Protein chains: 4
Amino acid sequence: MSRKSNTEQRRTEIVGALLAAIAENGYEKATIHAIAAKAGLTPGLIHYHFQSKKEILIDLVKTLANYSCERYLQFAAPAATPREKLRAYIDARLAKGSGASAATVAAWVMIGAEAVRQPEVREVYQEAVAAELALSRELLAACLAEQGKKTRGAAQLAAALLAFMEGAFQLASAAADVMPQGYAAATAAQLMERFIDAEPAARK
Amino acid sequence: MSRKSNTEQRRTEIVGALLAAIAENGYEKATIHAIAAKAGLTPGLIHYHFQSKKEILIDLVKTLANYSCERYLQFAAPAATPREKLRAYIDARLAKGSGASAATVAAWVMIGAEAVRQPEVREVYQEAVAAELALSRELLAACLAEQGKKTRGAAQLAAALLAFMEGAFQLASAAADVMPQGYAAATAAQLMERFIDAEPAARK
Amino acid sequence: MSRKSNTEQRRTEIVGALLAAIAENGYEKATIHAIAAKAGLTPGLIHYHFQSKKEILIDLVKTLANYSCERYLQFAAPAATPREKLRAYIDARLAKGSGASAATVAAWVMIGAEAVRQPEVREVYQEAVAAELALSRELLAACLAEQGKKTRGAAQLAAALLAFMEGAFQLASAAADVMPQGYAAATAAQLMERFIDAEPAARK
Amino acid sequence: MSRKSNTEQRRTEIVGALLAAIAENGYEKATIHAIAAKAGLTPGLIHYHFQSKKEILIDLVKTLANYSCERYLQFAAPAATPREKLRAYIDARLAKGSGASAATVAAWVMIGAEAVRQPEVREVYQEAVAAELALSRELLAACLAEQGKKTRGAAQLAAALLAFMEGAFQLASAAADVMPQGYAAATAAQLMERFIDAEPAARK
DNA sequence: AATGAATGAGCATTCATTCAT
DNA sequence: AATGAATGAATGCTCATTCAT
């Protein structure tokens with residue numbers, strides 16, 4: 001008697017269309033019309049499945065945060081040591097080719113800009129940032145501990161790694177032409193390693 | 001005797017107003033009306049001094065790039081050694097309190113997002129990035145040379161430093177609440193130092 | 001054995017839901033969706049039982065006209081004299097507490113506004129008005145006749161009574177705060193009585 | 001150097017266009033486009049002179065309230081006695097031909113309906129109603145006093161007169177066909193007079 | 001009978017830009 | 001130089017109605 005709902009699938013399609021549209025032209029220019037066109041739907045239908053444009057954006061932020069997390073788990077599966085896991089994390093987010101698509105990276109940069117001015121976006125953006133911070137701090141602390149180093153500095157180092165990554169996304173999206181090729185993952189890994197190696201040993 | 005043109009002053013005022021407006025609400029919401037209000041001018045006058053909104057934005061990018069350069073020269077004035085100069089550079093851009101205002105940082109983040117999608121903005125943005133890259137590569141190469149290290153890796157290290165800075169701006173603007181306090185300048189300096197220290201010596 | 005149609009019940013539910021919706025937000029804002037929600041039905045079903053939104057409105061006008069008539073019969077049941085019947089009529093429509101619910105009154109006001117501009121609504125609205133006019137003219141004529149007065153002026157007096165009632169509904173719905181408390185039924189009755197008393201006697 | 005503002009004139013034109021549009025099709029159907037067309041302007045210009053559609057409506061309510069007041073003053077100019085002033089008031093609002101235009105009356109009815117559901121409209125509507133109440137109470141009290149009657153009942157009588165008027169507007173707009181011709185002003189005056197005449201004398 | 005997805009026209013509002021003054 | 005009115009093309013969103021299931 002009743003029809004089966006296809007809302008979940010439609011929502012996924014629409015969020016994907018926003019990702020594509022936002023990567024190309026930013027959030028403001030990613031109009032409902034443009035999103036609908038990319039998804040092969042009509043504009044009215046977008047608002048049948050989402051209350052507002054902002055709701056789609058917030059869904060996209062959550063989707064990308066989730067995606068980032070899952071990518072790490074994939075990359076980390078074969079990793080045995082803390083150092084390998086850290087490298088898996090860095091590669092999952094930065095390694096050329098294996099990293100996320102250019103569109104995803106550009107969309108994330110646009111989301112970052114929206115987070116500056118839209119409180120509701122900032123909220124979910126901060127949740128994603130906090131999750132990344134927690135994960136990288138844990139990985140860095142494990143590396144430090146393994147080498148008998150104090151782990152107190154892990155939080156700041158994690159923040160630095162995250163800043164590096166966000167900046168790398170920004171520059172890859174807007175200034176790839178003037179940046180050295182493929183510096184990101186390798187340099188990030190080296191910076192972390194050398195920092196950790198130079199850290200003084202913990203007292204017994 | 002003809003009246004002296006006040007165009008240069010007006011242009012400066014307008015660019016400053018765009019900086020303030022863009023920091024608060026992003027480029028799209030920084031309407032001509034809002035810019036005019038912040039500058040204490042009327043909307044029609046904006047288009048007397050600038051051909052288009054984009055032209056103001058491009059002027060702003062150049063202004064900020066210039067400002068960044070001048071700040072380094074100020075900070076570096078008392079610096080004697082390469083290492084002191086590098087630290088001056090890092091502090092000029094990142095040090096809490098001494099760094100640029102929150103509005104300037106937020107505006108720069110917004111500009112970065114616009115650079116992703118507007119070719120004309122990207123062009124001047126890339127010029128600014130290239131200038132920063134050249135400066136930091138030079139400073140890093142000097143540090144390496146001073147310690148008898150190979151300078152071949154300076155370009156990649158400079159790219160990493162720049163990525164870190166851009167990311168730090170992004171996170172300071174959109175996720176200050178979840179980031180550690182005051183990590184940026186100190187951690188950047190340490191990362192650079194330890195990387196350089198661990199670099200192998202150059203062959204004779 | 002075929003299933004029994006529940007159309008009549010559904011139509012009643014839907015008309016009741018329109019009454020509630022229209023009282024709150026007016027006809028335009030009483031969307032099919034809102035009506036469905038109030039009736040606990042789905043939007044599609046509304047158009048299964050009614051061809052259009054206007055058809056529901058027209059049904060509502062008829063329902064309210066019917067309701068008004070029945071209320072008079074209820075109130076007039078114990079009335080013996082013409083004057084008591086007139087008072088029963090006035091109380092049935094205006095008396096505080098015993099009168100119709102605030103929602104019904106507000107809905108009637110909204111219907112009156114729709115009748116100004118929608119010919120099909122005006123038609124049924126006028127039928128309702130004509131019925132009220134006829135009833136009150138009859139009641140007033142009986143009062144006049146009982147006192148040996150000419151009944152020629154009954155039509156105009158009936159029109160005045162109806163105008164008073166419609167206006168009282170309007171003011172009760174939109175300006176209750178600035179109107180005296182409970183003036184309506186008592187003043188209406190007094191106005192009618194004093195008018196009738198002052199009417200000259202009919203010639204033999 | 002500076003241009004002379006024509007905003008006041010434009011606002012008046014726009015409010016007049018809303019009056020015409022609302023009388024024909026109600027507030028919801030009086031679209032910005034329709035208002036602009038009636039005023040011979042472009043839709044964008046409407047929002048240059050008014051912040052929102054609601055602001056135009058509120059201006060219209062105030063304009064009509066003002067207009068009503070001025071009409072009374074005009075009609076009352078030659079009136080000498082309290083009874084003549086009361087009659088002037090009734091005629092100013094109700095007398096056929098001399099009364100307000102059908103469009104104005106219909107617009108007022110639509111405004112009354114909007115006042116039921118829009119708080120901001122209700123506020124100015126109530127102000128207008130309160131002013132009318134105060135004026136008619138004063139006029140009625142003067143009539144009562146002149147005849148040595150108690151004036152205590154003036155407030156309720158004023159409310160009744162106002163209700164009658166509002167209802168007369170409603171019925172004139174939506175049910176003129178079924179109402180007696182020209183009953184309004186004459187019957188209102190008679191109702192008031194007979195009520196006052198029948199009022200008991202005040203004690204010495 | 002009933003569901004809920006889908007459509008498409010229409011809405012108020014925004015805004016860069018133009019232009020007469 | 002400066003003003004502020006004017007334009008017209010968007011934009012996000014709403015909603016009665018249709019229809020496959």
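Here the structure is a predicted model, which is why all the values come from computation and not from measurement. Within every chain, numbering begins at 1; the chains are lettered A, B, ... in the order of the sequence lines, protein sequences first and strands thereafter.
- A donor-acceptor pair is defined here as one N or O able to donate and one able to accept, closer than 3.5 Å; no such pair exists between the side chain of C/R122 and the backbone of D/A175.
- Protein atom NZ of D/K54 is 14 Å distant from nucleotide atom C1' of E/dT13, rounded to whole Å.
- Between D/L45 atom CG and E/dT14 atom P there is a gap of 15 Å when expressed in whole angstrom units.
- Nucleotides of DNA chain E nearest to D/H33 and B/Y27 differ in position, and the one nearer the 5' end is that of D/H33.
- Note: CD (D/E28) to P (E/dA9) measures 21 Å, nearest angstrom.
- A side-chain donor-acceptor contact under 3.5 Å links C/Q170 to the backbone of D/G112.
- Closest contact between the side chain of A/S52 and the listed nucleotides F/dA5, F/dC13, E/dA12 involves F/dC13.
- When each of F/dA2, E/dA5, E/dC15 is scored by its nearest atom to the side-chain atoms of B/T31, the top-ranked nucleotide is E/dC15.
- Using a cutoff of 4.0 Å between basic side-chain nitrogens and carboxylate oxygens, C/E24 and C/K38 are scored as salt-bridged.
- Distance from the side chain of A/N6 is smallest for E/dA6 among the nucleotides F/dC13, E/dC15, E/dA6.
- Residue A/H33 qualifies as open at atom NE2: its count of foreign heavy atoms under 6.0 Å is 12 or below.
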Bracket notation of DNA chain F in which parentheses pair within the strand, [ ] cross earlier pairs, and | pairs with another strand (Watson-Crick or G-U, under 3.5 Å): .||||||||||||||||||||
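- Rounded to an integer number of Å, the gap from A/E55 CD to F/dC13 P is 10 Å.
- Residue D/L60 forms a side-chain contact (heavy atoms from CB on, under 4.5 Å) with just one option from D/I14, D/L19, D/V124, and that option is D/L19.
- Judged by distance alone, with hydrogens and angles left aside, the side-chain atoms of A/K29 form no donor-acceptor pair with the main-chain N or O of A/A21 at under 3.5 Å.
- Comparing F/dA2, E/dG8, F/dC15 by their closest approach to the side chain of A/T42 singles out E/dG8.
- In this structure, the nucleotide among E/dA1, F/dG4, F/dT7 sitting nearest to the side chain of D/Y48 is F/dG4.
- To the nearest angstrom, C1' of E/dA16 lies 15 Å from CZ of B/F50.
- Of the candidates E/dT3, E/dA5, F/dA1, the closest approach to any side-chain atom of B/T7 belongs to F/dA1.
- One atom, NZ of A/K53, and another, P of F/dA10, lie 15 Å apart when rounded to the nearest Å.
- C/R10 has its CZ atom 8 Å from the C1' atom of E/dA1, to the nearest Å.
- When the side-chain nitrogen and oxygen atoms of A/H49 are compared with OP1 and OP2 of E/dA6, one or more of them lie within a distance under 4.0 Å.
- Judged by distance alone, with hydrogens and angles left aside, the side-chain atoms of B/E55 form a donor-acceptor pair with the main-chain N or O of B/Q51 at under 3.5 Å.
- Salt bridge absent: C/E114 and C/K53 never bring a charged side-chain N and a carboxylate O closer than 4.0 Å.
- Sequence order on DNA chain E of the closest nucleotides to B/I32 and C/G44 puts C/G44 first from the 5' end.
- Where B/G40 and A/A30 meet DNA chain F, the nucleotide closest to each residue was compared, and B/G40 sits on the side nearer the 5' end.
- The B/H47 side chain lies nearest to E/dT18 when the options are E/dA5, F/dT11, E/dT18.
- Nucleotide F/dA5 holds its C1' atom 15 Å from the CZ atom of D/R11, rounded to whole Å.
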